[in-house]
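Okay, so here's the structure we're looking at.
Labels below follow one simple rule: chain letters A, B, ... track the order of the sequence lines, proteins then strands, and each chain is numbered from 1. Note that this is a predicted model, so its numbers are computed, not measured.
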Number of protein chains: 2
Amino acid sequence: MTDTDEVTQVGTLQEVLAAVSDPVRLEMVRRMYAEGGPAPCAQLYDGVSKSTASHHFKILREAGVTDRSVIGGQTHQRLRLDDVEAEYPGVLSSILAARPAR
Amino acid sequence: MTDTDEVTQVGTLQEVLAAVSDPVRLEMVRRMYAEGGPAPCAQLYDGVSKSTASHHFKILREAGVTDRSVIGGQTHQRLRLDDVEAEYPGVLSSILAARPAR
DNA sequence: ACCTCGGTTTGATAATCATCGAACCGAGTC
DNA sequence: GACTCGGTTCGATGATTATCAAACCGAGGT
């Protein structure tokens with residue numbers, strides 16, 4: 001069973017940039033991207049508490065960067081790469097392509 | 001007479017993203033880009049005080065996104081587009097290409 | 001009915017950050 | 001020297017924001 005939330009618009013460029021400018025959230029985005037599809041929340045972060053993670057998921061969702069869907073009773077997060085690319089071509093993809101380490 | 005500050009490294013991806021995620025700073029970056037070269041501080045912002053602007057310039061500089069140089073006694077800011085592109089290809093350019101309004 | 005499991009919401013706290021005015025500084029100019 | 005002009009630095013203040021623990025909630029399982 002797949003139950004998807006109402007799909008919202010991609011946010012402003014500022015919102016998107018602010019969303020990914022947080023290290024915890026960028027890591028989440030990277031992992032969702034690596035996953036290639038809806039991923040259960042648990043494996044998208046570590047180092048922060050459940051509630052903090054949920055807070056970050058919300059910000060990503062409100063910026064239109066991610067989706068939430070319930071698959072088999074479990075909440076999953078999904079990167080809306082295509083939607084963001086359609087709105088701001090190259091922005092998210094180039095960020096994902098950047099070498100992460102420094 | 002051109003007097004340029006010591007050139008620093010481009011900062012981490014996080015630093016760059018955080019730098020441009022502020023509306024005032026993104027506008028500064030856009031104007032510098034439009035200028036195509038070193039631009040006097042004054043015409044890179046409006047709506048904030050001199051000291052606030054100076055603060056934002058500093059953050060952009062520390063992120064390695066901009067340069068400071070003194071031309072004929074006047075301080076100028078310059079977008080280090082090539083340097084940032086070399087480090088994180090496509091990131092800054094796609095942000096600049098994004099349609100600003102919403 | 002009870003319990004666990006995954007996730008969200010609610011306060012609350014602490015830290016970060018944008019903002020300003022005022023003082024300061026260096027280079028010109030008068 | 002005195003004065004402006006463009007810019008920076010210094011505190012200080014207020015607003016955001018990241019963080020957590022605790023309470024809560026819905027879906028399954030037993």
A:R80 pairs by side chain to side chain contact (heavy atoms under 4.5 Å, CB included) with which of A:V65, A:L60, A:V7? A:V7
Quick one: do B:E35 and B:R31 make a salt bridge, cutoff under 4.0 Å? no
Given atom CD of B:E62 and atom P of C:dT16, what is their separation to the nearest angstrom? 15 Å
Spell out protein contact along nucleotides 4-10 of chain D as letters: B when the base is contacted, S when just the sugar-phosphate is, - when no protein heavy atom is under 4.0 Å; keep the 5' to 3' order. --SBBB-
Counterpart residues, salt bridge (charged side-chain N to carboxylate O under 4.0 Å, His left out), relative to A:R78 (two or more places apart): A:D67
I need the A:M32 CE to A:Q43 CD distance, nearest 0.5 Å. 11.0 Å
Please give, in whole Å, the distance from C:dG7 C1' to A:M28 CE? 12 Å
Okay, side chain of A:Y33, backbone of A:L79: is any donor-acceptor separation there less than 3.5 Å? no
Write down the distance between CG (A:L60) and P (C:dT8), rounded to a whole number of angstrom. 12 Å
Could you give the CD-to-P distance, from B:Q14 to C:dC17, as a whole number of Å? 12 Å
Given D:dT19, C:dC20, C:dA18, identify the nucleotide with an atom nearest to the side chain of B:H56. C:dA18
So, taking the atom named OG1 in A:T4 and the one named NE2 in A:H76, what distance separates them when rounded to the nearest 0.5 Å? 11.5 Å
When the distance from CG of A:D22 to C1' of C:dT16 is rounded to whole Å, what number comes out? 12 Å
